[in-house]
Amino acid sequence: MKALNVLLALVVSLAVAAGVMEVGLRLLGMGPQPTINRFDADLGWVKTPGGTARKKTGEFDITFHINALGLRDDEMAGPAKPAGTYRVLMLGDSFVLGYTVDRDDLFVDILETWWQSEGRKIDVVNAGTEGYSTDQEVLWLLKRGQEFQPDLVVLFPYENDLYWNAKTRYERYPKPRFNPSGEPEAIVLSDPGPTPAMERWAVGRLFKGLGHPRELWSPNGQMKLEMELVAYFRNDPEPMHQVKLRTRGALLALQKECARLGAGLAVVPIPNKACVESVAKETLRGHLTPSWIAKLLGRKELDPASWSPDVPVETFLSLCKDLGIAAFDPRQALIAAASAAKDGHLYYQRDWHLNPAGNRALARFVHDELDGNGIFPPSLAASRRAEMPPEVEPPMSLGPLKLFGFLWAILSIGWILTYRGEPAWRAPLKVGAMLGLIFAIALGGGWLLGKLPAAAAQSLSVLFVLGLLGFILYKLGRRIGTILELFACFVRRGHWYLIPLVVVLLSVGSLLVVAASSPLVAPFIYTLF
């Protein structure tokens, strides 16, 4: 019986540790994200009609609403084109879906509003789907294009399309692909079933990632990189042979289908953030540079001339030129827009998708290029001049103020009831000063990290947490031995049912001891609470 109690104590200890790690990973934004996708036997997955999901990070808070036709678009009576309108169908992945922005800030919806304000009867359909590669976007058109009756199809490929165009599986979902001749391969896609229980937890996803690393590739025989990065390298590394052939096959199928539908076709490759923002290019360079440990072991640096974040865009432009497809390069327009932006950013810092300013810059580029290159028929010329729809300012968040007010009131009342000998008017002042310092640290630190490059912000956060933990351990001193001895005693005696309570009490008590012994670090510890 004692052995069973000890075993239960160990199990509960591990569960508590996993729970703490789960909370930490979610606070760092590494938790599992909700999905609006479901399995599809032809495409691998599609958006769930009528589905809703919310994605919240430190940079954006977006809620997706999918209409009855499975599109992030207005509700529609049916897929058929309204009479007397010119329909533009936009194909792409999360950039077109609007993975990081509300629809008011999404270039797809900005363009529709802008065109209509110019007196053009243009209806835009957003067929973007998270995670799609070019082959799935083209197959979606083959499967559903006829019912939507497009007059113009605009494809927005992204760099990771290249690698995944040669694969038959993305994460746990199977996916289709094209052969070089432009025909879909005869692949049976099997439903992977519901998300495994392990992947519904941040800890489970972490260990799954450690146990199932992505396919790796070496550009110099020494350094190992994720295979997706092969698209950055010049002189066509061997893995790019199949990638280019299958991507060309998908574009060839797209061209044929648009001809069959009587629709025009244009391609606008979306550039990587590193093509537009110099800081992002340095971050990418860091990913492609051996660590200092690897350098000590003799790993060679990559030749800087052997790779560039511009290569994927150039690859798509070259393939389109070869097939005679109209393609437009937005890089210079986005670089100019970034230099004119308030903070110089068109992309989010941690997430590398376009932010609202980036979406507006892309909308302006597409608007001007389609007009300047005669993509629209003359009958669709603007009947009046109109500017891009004004940017919608997000409402001011009162969450921090409400929390501050609630804590101020509760703690002030508690102070007055506890220290009855002090004048009551001092309590709100003292509590307000303490909370002000804590909120300044929390909000100011978050603002500061948001201004730093993603890699630097993440490193600084880790160093701060490690430094704070180190200081806590230093201040606890000999108490650590007492804590470990008490914990070991509970494990040996098999008091497994008390371990969660002991862990909580010891953690809170240790932090309070440190806070009381060091006024300088106290606000940082109170911020943790």
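In this text, all values refer to a predicted model and were calculated from it rather than measured experimentally.
The backbone N or O of Ser133 lies less than 3.5 Å from a partner atom in the side chain of Gln136, making a donor-acceptor pair. The main-chain N or O of Glu130 is found under 3.5 Å from a side-chain atom of Trp45 such that the two form a donor-acceptor pair. Here the side chain of Gln255 pairs a donor or acceptor atom with the backbone of Leu323 at under 3.5 angstrom. Distance alone, capped at 3.5 Å, places no donor-acceptor pair between the Lys55 side chain and the Thr100 backbone. Between the side chain of Arg177 and the backbone N or O of Ala166, at least one donor-acceptor pair lies under 3.5 Å. Checked by atom type and distance alone, the side chain of Arg384 pairs as donor or acceptor with a backbone atom of Ser117 at under 3.5 Å. Checking side-chain atoms of Thr85 against main-chain N and O of Lys121 turns up no donor-acceptor pair under 3.5 Å. Proximity of a side-chain donor or acceptor of Asp151 to a complementary backbone N or O of Arg87 within less than 3.5 Å is detected. Looking only at distances, a side-chain donor or acceptor of Ser339 sits under 3.5 Å from a matching main-chain atom of Ala336. Gln116 places a side-chain N or O within 3.5 Å of a backbone atom of Ile122 that can act as its donor or acceptor partner.
Taking NZ of Lys56 as the reference point, atom CD1 of Ile62 lies at 12.0 Å (rounded to 0.5 Å). With values rounded to the nearest 0.5 angstrom, Leu265 atom CG is found 7.5 Å from Leu152 atom CG. Rounded to the nearest 0.5 angstrom, Gln242 CD and Asn165 CG are separated by 11.5 Å. Once rounded to the nearest 0.5 Å, the distance linking CG of Asp105 with CZ of Arg360 reads 7.5 Å. For the atom pair CD1 (Ile36) and CZ (Arg54), the distance works out to 15.0 Å, reported to the nearest 0.5 Å. Taking CG from Leu251 and CG from Asp322, the interatomic distance works out to 10.0 Å, rounded to the nearest 0.5 Å.
For the 3.5 Å distance criterion, the side chains of Asp343 and His345 fail to qualify, holding no donor opposite an acceptor. Side-chain contact, Asn373 with Glu369: a donor N or O sits under 3.5 Å from an acceptor N or O. Between the side chains of Asn272 and Tyr232, at least one donor-acceptor pair of N or O atoms lies under 3.5 Å.
Residue pairs meeting the ring pair (Phe, Tyr, Trp, His ring centres under 6.0 Å) criterion with at least one member in residues 50-73, sequence neighbours excluded, are Phe60-Tyr348. Legend: ring pair (Phe, Tyr, Trp, His ring centres under 6.0 Å) pairs involving residues 237-261, not counting sequence neighbours: none detected.
With sequence neighbours left out, the ring-ring contact (aromatic ring centres under 6.0 Å, His included) criterion links Phe148 to Trp140. Partners of Lys281 by salt bridge (charged side-chain N to carboxylate O under 4.0 Å, His left out), not counting sequence neighbours: none found. Listed by chain and residue number, Asp74, Asp109 satisfy the side-chain hydrogen bond (donor to acceptor under 3.5 Å, both in side chains) test with Arg103 (two or more places apart in sequence, or in another chain). Every residue was checked against the side-chain hydrogen bond (donor to acceptor under 3.5 Å, both in side chains) condition with Asp73, not counting sequence neighbours, and none meets it.
Asp135 has no carboxylate O lying under 4.0 Å from a charged side-chain N of Arg246, or vice versa, which leaves the two without a salt bridge. Note on Arg169 versus Glu171: no salt bridge recorded, every NZ/NE/NH1/NH2 to OD/OE distance being 4.0 Å or above.
Across Asp161 and Thr134, no two heavy atoms sit closer than the pair OD2-OG1, 3.0 Å. Of all heavy-atom pairs between Asp93 and Glu137, the closest is N-OE2, 3.5 Å.
In Lys143, the NZ atom is crowded: over 12 heavy atoms of neighbouring residues, nucleotides or ligands sit closer than 6.0 Å.
His367 and Trp115 have parallel rings, their planes meeting at less than 30° on a 0 to 90° scale where 60° marks the start of perpendicular.
Phe95 has its ring centre no less than 6.0 Å from the ring centre of Phe156.
Proximity of Arg234 to Ser308: side-chain heavy atoms (C-beta onward) are separated by under 4.5 Å at one or more points. Put simply, the side chain of Pro237 reaches to within 4.5 Å of the side chain of Met240, judged on heavy atoms. Taking the side chain as every heavy atom from C-beta outward, Phe365 and Phe107 never approach each other to under 4.5 Å. Within the 4.5 Å cutoff, the side chain of Leu71 has heavy atoms near those of the Met76 side chain. In this structure, Thr315 and Lys244 have side chains that are in contact, with non-hydrogen atoms separated by less than 4.5 Å.
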